[in-house]
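Notes follow the structure.
These numbers were taken from a predicted model, which means no experiment stands behind them. A note on names: the letters A, B, ... follow the listed sequences, proteins ahead of strands, and every chain is numbered from 1.
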Protein chains: 2
Amino acid sequence: MAPAISFGPMENSIGFLLRIAQLTVSEATFAELNRRDVPIGEFTILLSVDLNPGIRQGVLADRLRIKWSSMTKLVRSLEERGLVVRQVPPDDRRAIALSITDEGHARVESHKALVLGAIERSVPTLNEQEKQILLGLLRKVAGWPPL
Amino acid sequence: MAPAISFGPMENSIGFLLRIAQLTVSEATFAELNRRDVPIGEFTILLSVDLNPGIRQGVLADRLRIKWSSMTKLVRSLEERGLVVRQVPPDDRRAIALSITDEGHARVESHKALVLGAIERSVPTLNEQEKQILLGLLRKVAGWPPL
DNA sequence: TATTGTTATACTCTATAACTATA
DNA sequence: TATAGTTATAGAGTATAACAATA
């Protein structure tokens, strides 16, 4: 697991280490959740819609760093399965406002503990204090306000 | 840029923030390097081979978190363009040892400053001390030894 | 003219698995 | 039997651009 090899100046690169760390964590998370048929990307969208009823599709795409063309497909799929509702808001008829259905909400609730637990367990090498520091720094990198 | 919307418990998730931060940084880096026709993934492999002559293809794939089947294509492409050499080591004839060519080395040297500069500029929201702390925590997450 | 969302194409990388050559 | 690498197929997501509807 350790880099028996050298990456020279790249080892001081935030971008490079972010990539390696992100893949390390997501592979672990994905392995656990995939076994139980819980698609984490889909869960994230459902949770976001649940917490932010009426959110516009494009805004959600931007925040989650998903391309608009990808978000169209994802949301359409969720709508077809009765998990979200797409509505044209009267004040701007170009837009799509998303809201959760009862079934979508139930899905979020039933998966929440599993997903959050898997994510938590996927970073076993940091203690609580280190995790809080890391979260704060990652928020800064992402351009998010402090908690 | 700020999350005017709430992600609830996901905002405390290292895995989620790692993904957002990584995409934020890589989009900025990619935008700058792509304009100058410098593929960063390819540069990383060339640099690694340059710094670790004779490294096995599979070992490099594992360290860079690239799948073996993807690495095969990437390395073959680099070989076709005369940037790396693939050799079967006598002690294990299943393996492939990689080494850089003069042309590959020249490519690394000519791109090094550009790539590292772009990566550095892609994290404008952190000061030097914060970057060092973040690097250390990311190394821990990735399972790498401390610097 | 600009914005929101859709559609389409080409491309990259992954997930999976079967396959070979060698150990 | 296990390991290093290759090949093939299906799928997800991106990059790009053109497009319709609305602002």
Sorted by chain and residue number, the side chain to side chain contact (heavy atoms under 4.5 Å, CB included) partners of B:L114 (sequence neighbours excluded) come out as B:L33, B:R36, B:V38
From CD1 of B:I45 across to C1' of C:dT12 the rounded distance in Å is 13 Å
The correct set of residues in residues 69-83 of chain A placing a heavy atom under 4.0 Å from DNA chain D is A:S69, A:S70, A:L74
Atom CD of A:Q87 and atom P of C:dG5 are separated, to the nearest Å, by 14 Å
Ignoring hydrogens and angles, write down the donor-acceptor pairs under 3.5 Å from the side chains of residues 67-76 of chain B, residues two or more places apart or on other chains.
| residue | atom | partner | partner atom | Å |
| --- | --- | --- | --- | --- |
| B:W68 | NE1 | B:D62 | OD1 | 3.1 |
| B:T72 | OG1 | B:W68 | O | 3.1 |

Comparing A:P90 with A:I66, nearest DNA chain D nucleotide closer to 5' gives the residue A:I66
Note: chain A reaches DNA chain D at heavy-atom distances under 4.0 Å over the stretch, first to last nt, 5' to 3', of D:dG13 to D:dA23
Between CZ of B:F30 and C1' of C:dC13 the distance, given in whole Å, is 13 Å
With sequence neighbours left out, the residues meeting salt bridge (Lys or Arg N to Asp or Glu O under 4.0 Å) with A:D102 are none
With sequence neighbours left out, the residues meeting salt bridge (Lys or Arg N to Asp or Glu O under 4.0 Å) with B:R93 are none
A:K67 atom NZ is separated from C:dA10 atom C1', nearest whole Å, by 17 Å
Taking N or O atoms only and anything under 3.5 Å, show me the protein contacts with nucleotides 1-3 of chain C, one pair per line.
| residue | atom | partner | partner atom | Å |
| --- | --- | --- | --- | --- |
| C:dT3 | O4' | A:R94 | NH1 | 3.2 |
| C:dT3 | O2 | A:R94 | NH1 | 2.9 |

Residue set satisfying side chain to side chain contact (heavy atoms under 4.5 Å, CB included) with A:F43, at least two apart, ordered chain then number -> A:L47, A:V108, A:H111, A:K112, A:V115, B:M10
The side chain to side chain contact (heavy atoms under 4.5 Å, CB included) partners of B:R94 (sequence neighbours excluded) come to B:D92
Sorted by chain and residue number, the side chain to side chain contact (heavy atoms under 4.5 Å, CB included) partners of A:D37 (sequence neighbours excluded) come out as none
From CD of A:E27 across to C1' of C:dA15 the rounded distance in Å is 11 Å
Residues 13-26 of chain B vs salt bridge (charged side-chain N to carboxylate O under 4.0 Å, His left out), sequence neighbours excluded, gives none
For the residue pair A:S6 and A:E11, establish whether any side-chain heavy-atom pair is separated by less than 4.5 Å.
yes
Contacts satisfying salt bridge (charged side-chain N to carboxylate O under 4.0 Å, His left out) that involve residues 43-53 of chain B (not counting sequence neighbours) are none
_Are the side chains of B:W144 and B:L138 in contact, using a 4.5 Å heavy-atom criterion?_
no
To the nearest angstrom, the CG-C1' distance between B:D91 and C:dA21 comes to 16 Å
